[in-house]
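A quick write-up on the structure given underneath.
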Amino acid sequence: MTAHDGIVLVTGGCRGIGAATATLLAEQGQRVVVVDIAPDAMPGTQAILWPDPFDVASDNAVISGIAAIEAAHGPISGLVNAAGVFGKMHAAERVRMDNWDREINIDLRGTFLVARSIGVQMTKRRQGSIVNVASVAGMTSGPIHAYTAAKAGVIQITQTLAAEWGRAGVRVNAVSPGFTRTVALEAGIASGALDKDRLSRNTAMNRLVEPSEVAQAIAWLLGPLSSGVTGINLPVDAGFIAGSTWDAYGGMREVPGAQES
Ligand SMILES: NC(=O)c1ccc[n+]([C@@H]2O[C@H](COP(=O)([O-])OP(=O)(O)OC[C@H]3O[C@@H](n4cnc5c(N)ncnc54)[C@H](O)[C@@H]3O)[C@@H](O)[C@H]2O)c1
């Protein structure tokens, strides 16, 4: 299933959601190039690893990196902005502004910088599709002040760029994963900062999301099956948004008879 002529670039593609997406898109027959700040061999995928470190927060690295990738592999017609860092959990008065700047720089500024650098070229070619990885954290509140603001910003720039580039044939959408079982999340659980049961129990489906499930949504939004869709933010959250208010009413309930079937 080839979306367009040209390659798909996946940022932050060496791990987690980015890696699952790159692998899936390559399996679907796309020519996929992965960039990451920490490029690392990816066994078991046909995706091409760009060997140089690519920091989405660095203007020079992004601009020169994209030029070099297009020179080597051809025009980029699909972009998945999956690079990101998690927020540190703190009360407002304990938020360190160097951490604030880092999270905003990578998660929001980096997403915009890469999307703009590639999207403008896409408009000239009059084809392209971009998927930004936001988060349910950008749609709700939590003690991760810079991260929630950055991800809300990602949802916002998705809509703005979709409106700006729609007439040039370029679509821009976002996915908002719920708590997804990646290395980064597992590290948070292992450190005690996050609790797996707590993360699961307020979701309608009482579980974490798998990286491959987010990848499927990204592949749909990136490809021709969603040709009429632009500017949306699609939660892939096992029902976290739907279930998050139920605690106020005593919590989620088991469905009678569901155990027996
Ligand atoms: N896992 C979750 O529960 C979850 C939930 C919602 C949203 N997200 C978002 O999904 C995206 C991927 O998260 P993940 O859980 O797969 O994390 P991860 O840490 O497993 O993967 C992130 C990748 O991005 C790379 N990266 C980090 N900073 C970078 C930079 N400056 N430039 C280029 N690459 C960089 C990392 O090296 C890593 O390979 C992030 O944007 C994250 O905020 C994750």
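One-based numbering, in listed order, for ligands and for the atoms of each.
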Exercise. So, is I17 polar-close to ligand 1, with some N/O to N/O distance under 3.5 Å?
Worked result: yes
For this session: Please answer whether the main-chain N or O of A83 pairs with a side-chain N or O of T11 as donor and acceptor at a distance below 3.5 Å.
Result: yes
Exercise. Between L185 and ligand 1, does any nitrogen or oxygen pair lie at a separation below 3.5 Å?
Worked result: no
For this session: Mind checking whether D55 contacts ligand 1 via backbone (N, CA, C, O), side chain (CB onward), both or neither, at a 4.0 Å heavy-atom cut-off?
Result: both
For this session: Begin with the C-alpha distance, continue with both residues' side-chain angles, and end with the deciding distance and a verdict on salt bridge (charged side-chain N to carboxylate O under 4.0 Å, His left out) for E164 and R171.
Result: CA-CA 10 Å; E164 186 157 333; R171 296 188 299 117; over 6 Å; no
Problem set entry | Side-chain donor or acceptor of N173 paired with backbone N/O of V229 under 3.5 Å | yes
For this session: Any chance you could lay out the salt bridge (charged side-chain N to carboxylate O under 4.0 Å, His left out) test for R109 and D59, step after step, and finish with the verdict?
Result: CA-CA 10 Å; R109 188 179 183 280; D59 297 30; 3.0 Å; yes
Exercise. Nearest protein heavy-atom contact for atom 24 (O) of ligand 1: which residue, which atom, what distance?
Worked result: G12 CA, 3.4 Å
Exercise. Using heavy atoms and a threshold below 4.0 Å, how should the contact between A19 and ligand 1 be classified: side chain, backbone, both, or neither?
Worked result: neither
Exercise. Within the structure, does D107 bring an N/O atom to less than 3.5 angstrom of an N/O atom in ligand 1?
Worked result: no
For this session: Pick one of side chain, backbone, both or neither for how K151 approaches ligand 1, counting any non-hydrogen atom pair under 4.0 Å.
Result: side chain
Exercise. Does some non-hydrogen atom of G178 fall short of 4.0 Å from ligand 1?
Worked result: yes
Exercise. Among V133, D36, T11, which one has a heavy atom closest to atom 10 (O) of ligand 1?
Worked result: V133
Problem set entry | F86, portion touching ligand 1 at heavy-atom distance under 4.0 Å | side chain
Problem set entry | The one among A134, A137, A184, S176 that brings a heavy atom closest to atom 7 (C) of ligand 1 | A134
For this session: Check which hydrophobic residues are tied to I241 through side-chain heavy-atom contacts below 4.5 Å, counting indirect links as well, and list them.
Result: F86, M89, V136, M139, I144, Y147, I155, F179, L185, I189, L194, L199, L208, F240
Exercise. Under the side chain to side chain donor-acceptor pair (under 3.5 Å) test, which residues partner D52, sequence neighbours left out?
Worked result: none
Exercise. Does ligand 1 have an atom under 4.0 Å from some heavy atom of I106?
Worked result: yes
Exercise. Any N or O on V85 sitting closer than 3.5 Å to an N or O of ligand 1?
Worked result: no
Exercise. Taking non-hydrogen atoms only, is A82 closer than 4.0 angstrom to ligand 1 via side chain, backbone, both or neither?
Worked result: backbone
Exercise. Per the side-chain contact (heavy atoms from CB on, under 4.5 Å) rule, which among T160, L161, L221, I157 passes with V172?
Worked result: L161
Exercise. Under 4.0 Å from ligand 1, counting heavy atoms only, is it the side chain of T182, its backbone, both or neither?
Worked result: side chain
Exercise. Are any non-hydrogen side-chain atoms of L79 and V8 less than 4.5 angstrom apart?
Worked result: no
For this session: Give the intermediate values and the outcome of side chain to side chain contact (heavy atoms under 4.5 Å, CB included) for residues I130 and M122.
Result: CA-CA 10 Å; I130 297 174; M122 288 174 167; 3.9 Å; yes
